[in-house]
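Heads up: the structure comes next, in structure tokens.
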Amino acid sequence: MVVVVSHAQPWSAFLTLRQAPLTSSSSFRIRPLTPRFRPLTPRFTTQRLGSLNTRCSINTDVLTDIATDQEVRDDVATDDCGSTIPVLHLKSDILETEALNLLAKGTFVDTILTTLPVLSEEEQNIIAATPAHPAGLYALYASCLAGYMVEQLWNFASPAAIALIHPSLLPVALMGFLAKLAVIGGGPLVGKLMDHFPRVPAYNCLSIVQTAAQLMSVGMIIHGHTLHPTSASSLLFRPWFIVLVLVGAVERLSGLALGVAVERDWVVLLAGTNRPVALAQANAVLSRINLLCEIVGAALFGILLSKYELVVCLKIAAGLMMGALPIVVSLTWLTNKLSSGVLDRAVETCLSCSFPSSLKSENIVGVGLEAIKHGWFEYIRQPVLPASIAYVLLYFNVVLAPGGLMTAFLTQQGLNPSIIGGFSGLCAFVGVAATFVSAKMVKHLGILKAGAAGLVLHASLLTTAVAVYWSGCLSQQTPIFFFLALVVLSRLGHMSYDVIGQQILQTGIPASKANLIGTTEVSVASLAESIMLGVAIVVNDVSHFGFLATLSLVSVVGAACLYCRWLENPTDTQRTLFSFSPHL
């Protein structure tokens, strides 16, 4: 008996049956039809069905004994019309068993689908507030505490030590300006390197590079302290100062890459992208650690400087740097181990194979220019670009914030140095308080609306502060204290958006491009800050402080308007990225 199947699936098979001579084998052969097979004709009479065994079953899932091409040629039957019919072998007495198995599997699947648990809203909130890798997150906090402490101490010690070598502000200003240029130009390149190499080894290597650059800077400053240059211009062309500027740029680039890796990449992996409350709390903790290290580092070096000579203080700082390095490296390794190696994931990027080879075939200048171009291209294409631009616009505010320009203005107003120092300290503590407030805002308002609330608060308070300045009564003590109080309170909105905006960017930027886009964004922010510093250099008289304050206010108001307009009409991509936010 020959069974001809015109379809591969038994439930839709069209069977053509015909009688064939019996062979010594009692099994059937099943073969797929060839294009030469013709449609069934009336010549196929019912008498040929007489000897068909009705117990025979067909199951294409268990077809065996598929013949080779030679067998196909040997086992071809010819019908009355002369057309050839390929024949396939099949096993019988299997359909019943397989059907029961399929039935059992289907029943099992139905059971699974009907017994899936549904989490309550309270349980979902608990999961949203629970980090994905809590032990690894705590190890990351400890690593950041050790690294940030040394970095913030050196950020205060370096300009203070150079200022003690020569009273002019030109060396410090030049170092700061060139460091920002290095960040603008080299940030995308470093970010691209971080995205194309294993995370943990790259992070540890950059930590070693940063510490080496800091130690070399300490050596150059100690050497310069023994020379006593007569003028600022002669100081700028000394070999040790040129080396100091170069290693300072390397130190800033390394610190930039380390900060972006932790704040834009690792904390997202450890806290969880779809756990907004846990991610907001992790961002808040990192901001607190950074601000506290900034306060403690400056205070520590100030106390040392008041009791010991500059060279002794620099040697103590160098000892802290060398002691902190193995701690940072060990805690980084521990973080990866406690998080089950989540930091060593593969990077999905189309350039992961081509970029390392380009370092061998092209000069570093060409690679750097290509990295900058690629970084800007990816930065513009990111799905949360308006939130990032709002973040950059805040960096234009270099006047209505604690810093050198505000300090110079308050000094010219005749305020006591202790009041000026208290102003800076209050701004830092308000920033710490903002890290607590931001997590509550995300929980009650959602990520996007919490960012809008921070920007609106920041802009409204600064608007009031500028109005107080233009009232012309800052010569009196009470109005100027009110002006400073408004600036201090405005830091609450600024730091809230700093934390929340960072979470928005963490959620919206793909993990494979986090370092590249993050470093590019910092480069753009440094460019904005440099532009405002350039304007301040041109209009360097204190009487123009109101003009600079107005420019700073315009940038903050523009950031708030841009962000709120983006929030009014959320796109499909925006809804998808922040689908876990119930307040979108």
Test your reading of the model: is there a side-chain donor-acceptor pair from [X] to the backbone of [Y], 3.5 Å cut-off?
X	Y	answer
His458	Gly454	no
Thr211	Ile208	no
Gln382	Tyr379	yes
Asn336	Leu343	yes
Ser158	Asn155	no
Ser143	Leu140	no
Ser287	Thr435	no
Ser388	Val384	no
Asn283	Leu279	yes

Rounded to the nearest 0.5 Å, what's the gap from [atom1] on [X] to [atom2] on [Y]? Could you check?
X	Y	atom1	atom2	value
Trp566	Cys561	CH2	SG	15.5 Å
Lys337	Thr335	NZ	OG1	12.5 Å
Phe429	Leu291	CZ	CG	10.0 Å
Leu325	Ser330	CG	OG	9.0 Å

Problem set entry | Glu151: partners by salt bridge (charged side-chain N to carboxylate O under 4.0 Å, His left out), with sequence neighbours left out |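 Applying salt bridge (charged side-chain N to carboxylate O under 4.0 Å, His left out) to Glu151 gives Arg252.
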
Exercise. Between Trp154 and Phe301, does the ring centroid distance fall short of 6.0 Å?
Worked result: no

Any side-chain donor paired with an acceptor under 3.5 Å for [X] and [Y]?
X	Y	value
Gln506	Asp265	no
Trp470	Thr550	yes
Glu251	Gln214	yes

Exercise. Taking atom OH of Tyr141 as the centre, does the number of heavy atoms from other residues, nucleotides or ligands within less than 6.0 Å exceed 12?
Worked result: yes

Exercise. Does a side-chain heavy-atom distance below 4.5 Å link Leu489 with Val430?
Worked result: no

Exercise. Do Thr520 and Glu378 touch side chain to side chain, with heavy atoms closer than 4.5 Å?
Worked result: no

Exercise. What is the minimum heavy-atom distance between Leu567 and Ala452, and which atoms define it?
Worked result: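 Taking Leu567 first and Ala452 second, the nearest heavy atoms are CD2-CB, 3.9 Å.
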
For this session: Flag this pair as yes if the NZ/CZ of Arg288 is under 6.0 angstrom from the six-membered ring centre of Phe436 and inside a 45 degree cone about the axis; otherwise no.
Result: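 Judged by the rule (NZ or CZ under 6.0 Å from the ring centre, within 45° of its axis), Arg288 counts as positioned above Phe436.
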
Exercise. Should the ring pair Phe409 and Phe483 be called parallel, tilted or perpendicular, given that the plane angle runs from 0 to 90° and is split at 30 and 60?
Worked result: perpendicular

Exercise. How are the rings of Tyr497 and Tyr391 set to each other: parallel, tilted or perpendicular (split at 30° and 60°)?
Worked result: tilted

